[in-house]
Amino acid sequence: MKNIPAYSPDAVEKKWQKHWEDTHAFAAEKSHEKPKFYPLIEFPYPSGAGLHVGHPRSNTAMDIIARKRRMEGYNVLFPIGYDAFGLPTENYAIKNKIHPAIVTEKNIARFRAQLKRIGFSFDYDREISTTDPKYYKWTQWIFLKLFEHGLAYKMEMPINWCTSCKVGLANEEVVGGRCERCGGEVVRKVKSQWMLRITDYAQKLLDGLDDVDFIEKVKVQQRNWIGRSEGAEVDFTLTTGDKLRIFTTRPDTLFGATYMVMSPEHPLIEQHKAQIENYEEIAAYREAAARKSDFERTELNKDKTGVEIKGIRAVNPVNGQEIPVWVSDYVLMGYGTGAIMAVPAHDERDWEFAKKFGLPIVEVVAGGDVQSAAYTDIQDGVMVNSGILNGLKVKDAIRTIIDWLQEKGLGERKVNYKLRDWVFSRQRYWGEPIPLVYCEHCGWVPLPYEQLPLTLPEVESYMPTDNGESPLAAMTDWVNTTCPKCGGPARRETDTMPQWAGSSWYFLRYIDPHNDDELASMEEMKYWLPVDWYNGGMEHTTLHLLYSRFWHRFLYDIGVVPTPEPYQKRTSHGMILGADGEKMSKSRGNVVNPDQIVDELGADAFRMYEMFMGAFDQAIPWSTEGARGCRRFLDRVWRLMEMLTDSDKVSSDMAYDVNFTIKKVSEDYERMKYNTAIAQMMSLVNAFYAKGQVTRGELRILCLLLNPVSPHITEEINELCGLGPELFHSPWPKYDEKALVKETVEIAVQINGKVRGRLEIPADLTREGAEAYFAANEDVQKLLGGKAVRKLIFVPGRLVNIVC
RNA sequence: GCGGGCGUGGCGGAAUGGCAGACGCGCCAGAUUUAGGAUCUGGUGCCACAGGCGUAUGAGUUCGAGUCUCUUCGCCCGCACCA
């Protein structure tokens, strides 16, 4: 072909992006005739820093799948939106005295422009933002439904308080005793908080994992987070006459319990103040424990502390033995019953504690040396010193003792979960207002649904207050209202919702984003749900993923959505590190700006490098040199136009390579093996160069295969050469099985397992015919040097191994 | 400590139990060019180089192991006193 223009990514990309935008090329079709496909990426938080090179990794990966599915004839919904409530925007607003809504709008505009420059095939007609009152109307609506069903409640409880953000945090937001966002110190503080009863859904969230295709490590993390454990609750009688209930997973070791431990916050301590001889000492210990942050409490776990409660003892229900009761902060009030029986012989923590305080260690499972270490094995051990359990294996003993306890009314089978209820309040401005009012007569009263959305008022200052109240609390005009129930005076809730709220259901809104009557129409949801493929970061596995599964399951239970699980498949991408192999951060100065890469190399090369740089699920250091290599490859693809020949067919000598590439690329995209798919296309292009020619038919196939990765250049080449209709709605190429069968193949010849030569043999040689074939082959006989063949292993298409 | 994952050239990484290092980066040489850049061609695991050695370590299974089993070492991620 003559007169090939120079490749200018900037011009080519602008041209196609405008064309796609003008024609709404990637809008999901209204009709439900075609099979649907709903791929999803985690919608970004529009930070002031703009897009990060990490975003395009997930986006491009799902864009490739979305584009391939359209070419395969699916109706594809590939949406985009913004998770725009949140602390950084609010902090920026405070610092610069700008309304967070204005900051948000600006940031979204920038993100949108950056995303469009990279050419993602999002359906921008369905764009949403969690900060839009038309959106958060439904976030509030869901909250009211949760409230209506008893799943939202307000409770005085110790919360994690970030001393720097001055805000309560969920357990999940505390990392190593510090605030996940700002790194500030986190202490305990008692405050009245809205809570969501996610614990009611622990078992459903666990069971639901069996019916979805999440990658295994995501399932494992969710299971660990929910933390189900089976055991029993057992009542010990105290010498005061009342009962102390404990939870244990090892009721078989009941005969080995030599003391008990209560959490410092256990209510029985206060109730028995009078009987406790050393109450002062206990109270002092409790105060010291409360002052410690969670972090310190766990940091010091090697050195256990505790105080014996003098004046109260407990009676072991299985043998009537009287044992001491201790207080220690290694027992947590928030799990089980806040008290344990201690079996030092068979629990490492109890063993350590017993050693430190000189408490007796009684062996009840034989198999170890319990004086030198706790014996915790449950496979081989046999019960000893255990009355009715003697001689039983651990598992049988557990069953036997629980039955016995239940019969005597001393205890019962019990399942516990590590999962805690979700602290849902934030003392912040830039979040969804909680649509409830407090009335002296009626208590907490929900706003009527028709009054939603309850919008954020304009305030003077977004600063949270030192006493822990939200900035909204200062807005008396807004706060003081009337009770929807009795009409009397009432006060609005001034806490707002956490950022997790808006992101817990956004995938539903994409389905029907402009609906003012419902969060989404049932008919549309029945067509589009569940999300077919959701890709995101591992950092959201235990928070966002679990929260959104919880909300969705609740909505399913009340008949609002048609599927129990929101996401059918969940995959995860690896992080992109700085060129130095460290996590990208401003302070390290190793941050790569996507705009710069697009400026220098073009969006197509940028997208390709993001996919080519390494295995998709692994952390990979950035290399701008590597990205230039992808640009060089696209230059080579462009110059294929110089060696174009007239045929619309695939030439016979290229048939194998072309068909193999179709097969490999098709399969690798599905398995997220983007790097090897691209490598294969590079090999094919190398083959065209080696030959010095490419037919129009061959180039068209290459453009189709490469289009999902680098959509602009491929459309341009296709158009310049007039190869066919626009690629993005052309059918995905199919390979010809027959073309993949070769007449001869080269195999390796091994003698005693070592490669000694190569041989061209007929491709259809069978295992049966192999012995005769190689016996008659001169080259093979030369390698054998007259030695007798003891055994011959022939692997068709691969090798022959002759043992002699 | 528990759970999950990983360890292959100078680098990113390929490899249904079957020719280790595909593809790319970097590097070397040549061609072209006034020069540089770009492009093209060839080369590039290591060594004592007609051969031998090589996938963190040591063993095992196998005709055959990067791949399967066990051992040791190292690294990453998640959870972390959850009874």
Side-chain angles (χ1 to χ4, degrees), chain A residues 172 175-176 215-221 223-225 227-229 231 246-251 253 261 263 294-295 297-302 304 328-332 334-343 346-350 352-353 376 416-420 538-539 541-542 574-575 579 581 608-609 612-615 617-630 632-633 635-636 639 673 675-686 689-690 746-759 790-804:
Chain A
E172 293 86 334
V175 177
I215 52 172
E216 197 53 31
K217 64 174 170 178
V218 169
K219 284 193 183 185
V220 166
Q221 271 192 37
R223 288 197 185 106
N224 289 348
W225 194 263
R228 180 191 157 101
S229 54
I246 59 102
F247 172 71
T248 177
T249 54
R250 294 290 307 275
T253 62
V261 188
S263 159
D294 274 354
F295 184 58
R297 244 169 114 151
T298 55
E299 264 295 271
L300 299 171
N301 70 17
K302 283 181 188 74
K304 290 201 165 36
S328 172
D329 63 4
Y330 85 89
V331 173
L332 308 171
Y335 183 79
T337 63
I340 62 158
M341 67 166 184
V343 184
H346 306 291
D347 181 282
E348 280 167 25
R349 297 150 302 184
D350 298 345
E352 217 179 286
F353 193 84
T376 57
N416 258 324
Y417 302 90
K418 286 186 201 169
L419 187 68
R420 314 286 172 83
M538 281 308 287
E539 70 274 20
T541 301
T542 45
M575 213 188 328
M608 175 175 281
Y609 178 62
F612 183 64
M613 62 195 303
D617 57 354
Q618 256 146 54
I620 308 284
W622 177 268
S623 158
T624 300
E625 281 309 315
R628 292 203 179 100
C630 288
R632 265 200 287 276
F633 170 66
D635 287 334
R636 274 163 75 78
R639 288 197 311 272
K673 298 262 183 188
N675 53 338
T676 51
I678 292 165
Q680 181 56 37
M681 290 186 277
M682 288 172 169
S683 294
L684 180 64
V685 170
N686 289 346
Y689 271 82
E746 195 192 62
I747 63 158
V749 181
Q750 291 185 343
I751 307 292
N752 292 330
K754 300 218 172 205
V755 180
R756 293 299 175 195
R758 285 162 223 285
L759 200 59
R790 296 220 325 259
K791 193 171 177 185
L792 185 143
I793 297 111
F794 174 58
V795 184
R798 296 283 184 179
L799 55 65
V800 61
N801 186 15
I802 300 169
V803 186
C804 58

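In the text below, chain A, chain B and the rest are named by the order of the sequence lines, each starting its count at 1. All values below were derived from every heavy atom in this structure, side-chain atoms included, with hydrogens, water molecules and symmetry-related copies excluded.
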Verify the contact: side-chain N or O of [X] to OP1 or OP2 of [N], cut-off strictly under 4.0 Å; return yes or no.
X        : N     : answer
A:Asn686 : B:G24 : yes
A:Asn675 : B:A14 : yes
A:Tyr330 : B:A83 : no
A:Arg639 : B:C40 : yes
A:Arg632 : B:C25 : yes

Distance between the [atom1] atoms of [N] and [M], in whole angstroms?
N     : M     : atom1 : answer
B:U32 : B:U39 : C1'   : 8 Å
B:C2  : B:G52 : P     : 46 Å
B:G51 : B:G42 : C1'   : 25 Å
B:A56 : B:U69 : P     : 15 Å
B:U71 : B:C53 : C1'   : 24 Å
B:G10 : B:G58 : C1'   : 28 Å
B:C27 : B:U34 : P     : 25 Å
B:C70 : B:U61 : P     : 15 Å

Contact class for [X] (heavy atom, under 4.0 Å): base, sugar-phosphate, or nothing?
X        : result
A:Val795 : base
A:Ala342 : nothing
A:Gln680 : nothing
A:Gly336 : nothing

Using both distances under 3.5 Å as the test, list the Watson-Crick or G-U wobble partner of [N], or none.
N     : value
B:G60 : B:C68
B:G3  : B:C77
B:G51 : B:C47
B:G17 : none
B:G9  : none
B:U39 : B:A31

Given [options], identify the nucleotide with an atom nearest to the side chain of [X].
X        : options             : answer
A:Arg756 : B:G52, B:A14, B:C63 : B:G52
A:Arg636 : B:G18, B:A15, B:U41 : B:U41
A:Ser683 : B:G3, B:C23, B:C81  : B:C23
A:Lys217 : B:A22, B:G4, B:A83  : B:G4

Send over the distance from [X] [atom1] to [N] [atom2], rounded to a whole Å.
X        : N     : atom1 : atom2 : result
A:His346 : B:A83 : NE2   : P     : 17 Å
A:Lys791 : B:G64 : NZ    : C1'   : 10 Å
A:Met682 : B:G13 : CE    : C1'   : 12 Å
A:Lys754 : B:G64 : NZ    : P     : 12 Å
A:Gln618 : B:G7  : CD    : C1'   : 11 Å
A:Leu792 : B:G64 : CG    : P     : 15 Å
A:Leu799 : B:A65 : CG    : P     : 12 Å

Any A:Arg250 side-chain heavy atom under 4.5 Å of A:Val343 side chain: no
side-chain contact (heavy atoms from CB on, under 4.5 Å) between A:Val749 and A:Arg756, worked out: CA-CA 6 Å; A:Val749 181; A:Arg756 293 299 175 195; 5.5 Å; no
Side chain to side chain contact (heavy atoms under 4.5 Å, CB included), paired with A:Gln750, selected from A:Ile793, A:Val803, A:Ile802, A:Asn801: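 When A:Ile793, A:Val803, A:Ile802, A:Asn801 are each tested with A:Gln750, the side chain to side chain contact (heavy atoms under 4.5 Å, CB included) holds only for A:Asn801.
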Given RNA chain B, 5'-ward residue of the pair A:Ser229 and A:Arg798, judged by closest heavy atom: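 Per heavy-atom nearest nucleotide, the more 5' residue is A:Arg798.
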Upstream residue (5' side of RNA chain B) when A:Asn752 and A:Tyr689 are each assigned their closest nucleotide: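 Nearer the 5' end of the strand: A:Tyr689.
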Side-chain donor/acceptor contact of A:Lys418 with base of B:C79 under 3.5 Å: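 Side chain to base: no pair present.
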A:Met682 and A:Phe612: CA distance, side-chain angles, deciding distance, side-chain contact (heavy atoms from CB on, under 4.5 Å) verdict: CA-CA 11 Å; A:Met682 288 172 169; A:Phe612 183 64; 3.9 Å; yes
Other residues, nucleotides, ligands: >12 heavy atoms within 6.0 Å of A:Glu348 CD: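 Not buried by this count: 12 neighbours or fewer within 6.0 Å.
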Heavy atoms of other groups near A:Lys219 NZ, more than 12 under 6.0 Å: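 Correct, the count exceeds 12.
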